[in-house]
Each structure stands twice: as C-alpha cells, then as structure tokens.
Amino acid sequence: MTSPGVAGEAAIAVTRERGLPATRRFGADQAFALGLRLASLFVLGAVALLIFETWSGARPALHAYGLPFLGGTAWDPVAEKFGALPYIVGTLVTSAIALLLAVPFGVGAAVFLAEIAPPRPASVVSFMIELLASIPSIVYGLWGVFVLAPVLRSGLEPWLIHHLGFLPLFQGFPFGLGVLPAGLVLAVMVVPTVTSVSREILLALPDTLRGAALALGATRAEAIGVTLDAARPGILGAVILALGRALGETMAVTMVIGNSNRLSWSLLAPGATMASVIANEFTEAVGKMHLAALFEVALVLFGVTLLVNAVARLIVRAATGGRRDVAGAA
C-alpha cells in the first residue's frame, strides 16, 4: 500500500515531466484574477467618465439654478428659465403605473409557467415572452399611438371620467395621449422582464423545497407560497430590473405621453419624462443654458437610476439577511 507522501511525490514528478510546474499554474491564476480586476475597473471607469462628462455639460445650469432647478416648474428656453419638477414627476408616475400593472401579471405568469403549466407548453410560452422583450421600443411606441391611444380615447378614458371623475387623478379630457397611456405602454414593455427572470428564479429552486412542503401536509397553493417566499429576493431583483428600464425608456414614452411641461394631478393629461424631454429638445437646443439644462436633467436621471439600484441592493440584502446562497441574491 502506497503512503500519501510517496503518492504526492509521484504526482509532483509526473507534473514536472509533463512541463506543468506549479509556478506556471499559479501565474495563470494570477493573470486571470488580474484580468477580472481590470474588467471591473474598466466598468467603473466608464461610469465615472459618463458622470464627469454629464456634469461638465450641466455645470453652467448647476451654477445658475442650483437646487431650485429640481423644484422648478417653468421651462422657457427663450427666457432661460428652467425647472425639472414636471419631468421628474412624470418619470416617477409613469414608472409607478408600469410596476403596479406589470408586477402582478408578470409574477403570476411566472408562477403558472414554473409551477403549474406542463413543461413543453411552458417552454414555448416562455420563449414567446422573452421574444417580446427583444422588440424595439419604437415598435411599442407605434402600437401605443395607433392601437392603444384610440381605444383609450373612445373607451377607457371616458369611462374613467364618468365614473371616477370626482378624483383629481381622472379629471380632464380624453386625449388618448398622456401619462396613463405612457404607463400602460411601459407596463407592456416590462412584463416580459418580470416574467422571464421570476420564472428562472422559481425553476432554480430545488425540488426538495416543494416536496418537503407537500410532505408536511401543505396544499399545492401553500407549497407554491413556500417557493415564492424562498424566491422573494430574486423576484425583487426582477422588479428592480423592470423599474430600471421603465425609468430610462425614451422613444416609446415620447410617442404617447403628449410631451407637455405642465404639472397636473390628472393621469389623463399630457406630460413628459426626463428621457422624453432630452429626446425632444437636445437636437434643437441652440442656447448654452438650454443645453446645460438638458445635461442637468440627464444628470438627475442618472442620479435617480443610481439611487434606485442602491435601494434595490439594500432591499435584497434585507430580504436575504446578507446571505449569497439564496435564490437570486446579489
């Protein structure tokens, strides 16, 4: 019987004969680690450069308007009076509408596809849902203008005004283009993200979790509830991804929101988002302060995105207790 020391010496001898010294393997590992660090630094450098360039462009507006720019409602390029509050509110409201509609439908579809539907039809439906996520946003915008807007103008919005017109949210005229249509278009756009990511998280959970719940006497619905609780961090991550896309969506929202800089309580009134005002006015901004104000709007949008990602990390960490072995934990 060969002792462990003799076996180890024999393995080292074979390694040396094959030309694979331990120092060479160690050097390859170090090179791989260095490459990963450089890639990470490249991403951080790109983000830092983006922030610097945006801040440089917005510097005249930052010095001229300061923090009141965030609470101002005037937007007059001729008089050089600028305020971003209507666009900030429009961005947050349309994103909130999208999440309120997309999350229940997306998570429900994910649960059905992962837990209830037969595997083969579920894979086909999942492929179609993922295909929806790859459709360009301009196509969603055209659908919103030529299909959704007429339906809202002739059907849903008059009904809302007639039955819920006593609420400030549903007062006004049925334009068919406004904050509500923009939120609906965004909801359709982010549902595939919520559904596909949530389904993958549910499928990644071990079958023993479901089996254990059923063995303890749980019903099928209760077992699904157990898996949903285990997949909660991953589902939160899916929701945050959807929110990130809703906050930064440009063309589809620009085509259906009406593009008005007035601040209104009504969801039926035209509005604008930070991304839409940049898309509409950036190529036509000839004044220095006008261009700087648009850069400052972009800087605010960037800050909102960073804030959302930071809050998402905190939520996921709180939901997982800081563990990384939970499904979907970042």
Side-chain angles (χ1 to χ4, degrees), residues 36 39-40 43 92 94-135 183-184 186-249 304-330:
L36 293 180
S40 302
V43 174
L92 297 179
T94 54
S95 300
I97 294 173
L99 289 188
L100 287 175
L101 296 176
V103 171
F105 285 102
V107 175
V111 170
F112 175 77
L113 294 174
E115 303 287 343
I116 300 175
R120 186 163 296 179
S123 63
V124 175
V125 175
S126 300
F127 173 77
M128 298 301 295
I129 292 175
E130 293 174 359
L131 186 63
L132 289 175
S134 64
I135 296 178
L184 293 176
L186 284 177
V188 175
M189 295 180 66
V190 301
V191 160
T193 301
V194 178
T195 303
S196 59
V197 176
S198 300
R199 176 178 176 269
E200 293 300 327
I201 294 297
L202 290 171
L203 291 177
L205 294 174
D207 292 334
T208 54
L209 187 64
R210 304 173 181 86
L214 294 173
L216 291 174
T219 62
R220 183 71 179 277
E222 291 172 339
I224 293 176
V226 171
T227 57
L228 281 175
D229 184 69
R232 182 177 53 189
I235 294 175
L236 286 175
V239 173
I240 296 303
L241 285 175
L243 177 59
R245 180 173 186 185
L247 288 173
E249 181 54 45
V304 170
T305 304
L306 289 180
L307 180 63
V308 167
N309 281 278
V311 172
R313 301 278 296 189
L314 294 176
I315 292 175
V316 173
R317 182 172 296 181
T320 59
R323 296 169 55 193
R324 298 183 64 88
D325 57 342
V326 183

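If you read the sequence from its start, that first residue is 1, and numbering goes on from there.
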Nearest heavy-atom neighbours spanning S95 and L186: N-CD1, 4.4 Å

Show which side-chain atoms of residues 98-115 pair as donor or acceptor with protein atoms under 3.5 Å away, not counting sequence neighbours.
unit_1 : atom_1 : unit_2 : atom_2 : d
E115   : OE1    : R210   : NE     : 3.0
E115   : OE2    : R210   : NE     : 3.1
E115   : OE2    : R210   : NH2    : 3.0

If every non-hydrogen atom of L214 is compared with every non-hydrogen atom of A223, which pair is closest and at what distance? CD2-CB, 3.9 Å

Nearest-0.5 Å distance, CD1 of residue I235 to CD1 of residue I201: 8.0 Å

Pair L131-S134, side-chain contact (heavy atoms from CB on, under 4.5 Å): steps then yes or no: CA-CA 5 Å; L131 186 63; S134 64; 3.7 Å; yes

Does the side chain of L132 come within less than 4.5 Å of V188's, by heavy atoms? no

Would a 4.5 Å heavy-atom cut-off, applied to side chains only, mark L236 and P233 as touching? no

Would you give me the side-chain donor-acceptor pairs under 3.5 Å for residues 238-247, sequence neighbours excluded?
none

Nearest 0.5 Å, please: how far is OG1 in T227 from CG in L202? 5.5 Å

Minimum heavy-atom distance G234-V197, with the two atoms named: O-CG1, 4.4 Å

